[in-house]
Amino acid sequence: MQSEKEKMLAGEMYDALDTALVEARDHARDLCQDLNATREKDQEVRRRILKELFAKGGDSVWMQPPFFCDYGSNILLGERVFFNFNCVVLDVCQVKIGDFTQFGPAVQIYTATHPMNAELRRKQEFGKPIEIGADVWVGGGAIICPGVNIGSKTVIGAGSVVTRDISTGVFAAGNPCQIIRAITE
C-alpha cells in the first residue's frame with residue numbers, strides 16, 4: 001500500500017494531515033523561519049540551511065529572504081538560481097528549476113491544488129509537478145500554477161498568472177499568461 005507521501009509525489013489524491021507529511025512540513029517551515037531570521041552577514045548559516053532545505057541546488061542558490069515552502073525536499077534547483085524577496089513554493093510535487101533562472105519578488109509557484117468536489121476537498125488534495133527551464137526570468141508577482149512547464153530562455157512578465165505551458169525562448173505575460181512574441185537576440 002502506498003504511503004500518503006508516495007501518493008502526494010505521484011500527483012494522486014492524498015491526506016495532507018498524514019503525520020509524516022505534517023512532520024516534514026513542520027521541519028521545512030522551521031528551516032524557512034531560521035533562514036528568514038538571518039541577517040546579510042550570516043551567509044554561512046544561510047548556506048547550511050539552504051543545503052538542508054532543498055533536494056538539490058542549495059549549495060549555489062542565491063536567496064533573498066523571506067522565502068517560504070511546504071517541504072523543500074521536492075525542490076530541485078540548477079546552478080545559481082536566484083529568488084528575490086517573498087517568494088513562495090508550494091512543493092507537494094516536484095519543482096524542477098534549471099540553471100541561472102531568476103525569480104522576481106513575490107513570485108509564487110504552486111504544485112498544490114484541490115478537488116472541485118467540496119466533499120473530497122474536506123479530506124484530500126493533490127498536486128501536479130512544475131518544471132522551469134534554464135535561463136528563465138520570472139517577473140515579480142507572477143503566479144505559476146500546478147502542472148505548468150516553462151521552456152528555457154523564456155521571460156514571464158511581472159504579475160502574470162501562468163496557467164498553461166509556455167514554450168522556449170519567448171516573452172509571455174498576462175492573466176492568463178500568453179505568448180507575446182519570440183525573443184530574438
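These numbers come from the heavy atoms of this one structure, side chains and all, not from hydrogens, waters or symmetry mates.
Ile183 places none of its side-chain heavy atoms less than 4.5 Å from the side chain of Lys153. Contact of the Cys32 side chain with the Leu53 side chain is registered, since non-hydrogen atoms from C-beta on lie closer than 4.5 Å. Side-chain atoms of Ile109 and Ile132, non-hydrogen and from C-beta on, do get closer than 4.5 Å to each other. Side-chain contact between Gln94 and Ile75 is absent, with no heavy atoms from C-beta onward closer than 4.5 Å. Side-chain contact check for Asp135 versus Ser152: every heavy-atom pair is 4.5 Å or farther apart. Between Pro66 and Asn86, the closest side-chain pair of non-hydrogen atoms falls below 4.5 Å. Residues Ile49 and Val45 form a side-chain contact, since some pair of their non-hydrogen atoms from C-beta on lies under 4.5 Å apart. Side-chain atoms of Val92 and Asn74, non-hydrogen and from C-beta on, never get closer than 4.5 Å to each other.
With respect to Arg47 and Glu44, no salt bridge is recorded, no charged nitrogen being found less than 4.0 Å from a carboxylate O.
If you check the side chains of Tyr14 and Glu125, you find a donor sitting under 3.5 Å from an acceptor.
Distance alone, capped at 3.5 Å, places no donor-acceptor pair between the Gln2 side chain and the Lys7 backbone. Using a distance-only test at 3.5 Å, with no hydrogens or angles considered, no donor-acceptor pair links the side chain of Ser167 to the main chain of Gly151. Under a 3.5 Å cut-off, the side chain of Thr154 and the backbone N or O of Gly169 do form a donor-acceptor pair. The main-chain N or O of Val81 is never found under 3.5 Å from a side-chain atom of Ser60 such that the two would form a donor-acceptor pair. Checking side-chain atoms of Asp91 against main-chain N and O of Tyr71 turns up a donor-acceptor pair under 3.5 Å.
In this structure, Val148 is not a member of the same hydrophobic cluster as Ile143, with clusters built from ILVMFWY side-chain heavy atoms closer than 4.5 Å. A single hydrophobic cluster is seen to contain both Ile179 and Val136, as judged by linkage of ILVMFWY side chains at heavy-atom distances under 4.5 Å, directly or through other members. When the side chains of ILVMFWY residues are joined at heavy-atom separations under 4.5 Å, either directly or via intervening members, Leu35 and Val88 end up in two distinct hydrophobic clusters. Grouping the Ile, Leu, Val, Met, Phe, Trp and Tyr side chains by contacts below 4.5 angstrom, directly or via other members, places Leu9 apart from Leu90. Hydrophobic clustering, with ILVMFWY side chains joined whenever heavy atoms are under 4.5 angstrom apart, groups Val170 together with Val107.
In Glu12, the CD atom is crowded: over 12 heavy atoms of neighbouring residues, nucleotides or ligands sit closer than 6.0 Å.
Minimum heavy-atom separation, Thr163 to Pro176: OG1-CB, 3.7 Å. Nearest heavy-atom pair, Cys87 versus Gly104, reported as atom, atom and distance to 0.1 Å: SG-O, 3.4 Å. Residue Ala28 comes nearest to Asp70 through the heavy atom pair CB-O, 3.4 Å, listed as atom of the first residue, atom of the second, then distance. Across Ala172 and Ser160, no two heavy atoms sit closer than the pair O-OG, 4.1 Å. Here the shortest heavy-atom pairing between Ala16 and Val22 reads O-CG2, 3.8 Å. Taking all atoms of both residues into account, the shortest heavy-atom contact from Arg29 to Cys69 is CG-O, 4.0 Å.
Atoms CG and CG, from Leu31 and Asn36 in turn, are 10.5 Å apart once rounded to the nearest 0.5 Å. Rounding to the nearest 0.5 angstrom, the gap separating the CG atom in Asp99 from the CZ atom in Arg80 is 10.5 Å. Note: Ile166 CD1 to Ile156 CD1 = 5.0 Å, rounded to the nearest 0.5 Å. Annotation: the span from Leu17 atom CG to Lys123 atom NZ amounts to 12.5 Å, rounded to 0.5 Å. Rounded to the nearest 0.5 angstrom, Ile130 CD1 and Ile144 CD1 are separated by 6.5 Å. Glu119 CD to Arg121 CZ: the interatomic distance, rounded to the nearest 0.5 Å, is 10.0 Å.
Sorted by first and then second residue, the ring pair (Phe, Tyr, Trp, His ring centres under 6.0 Å) pairs with a member in residues 77-132 read Trp62-Phe82, Phe67-Phe83, Phe83-Phe103; sequence neighbours excluded.
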From CA spacing to verdict: side chain to side chain contact (heavy atoms under 4.5 Å, CB included), Lys96, Leu77: CA-CA 6 Å; Lys96 188 174 180 184; Leu77 305 174; over 6 Å; no

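Shown here are the side chain to side chain contact (heavy atoms under 4.5 Å, CB included) partners of Ile180, two or more places apart in sequence or in another chain: Phe171, Ala173.
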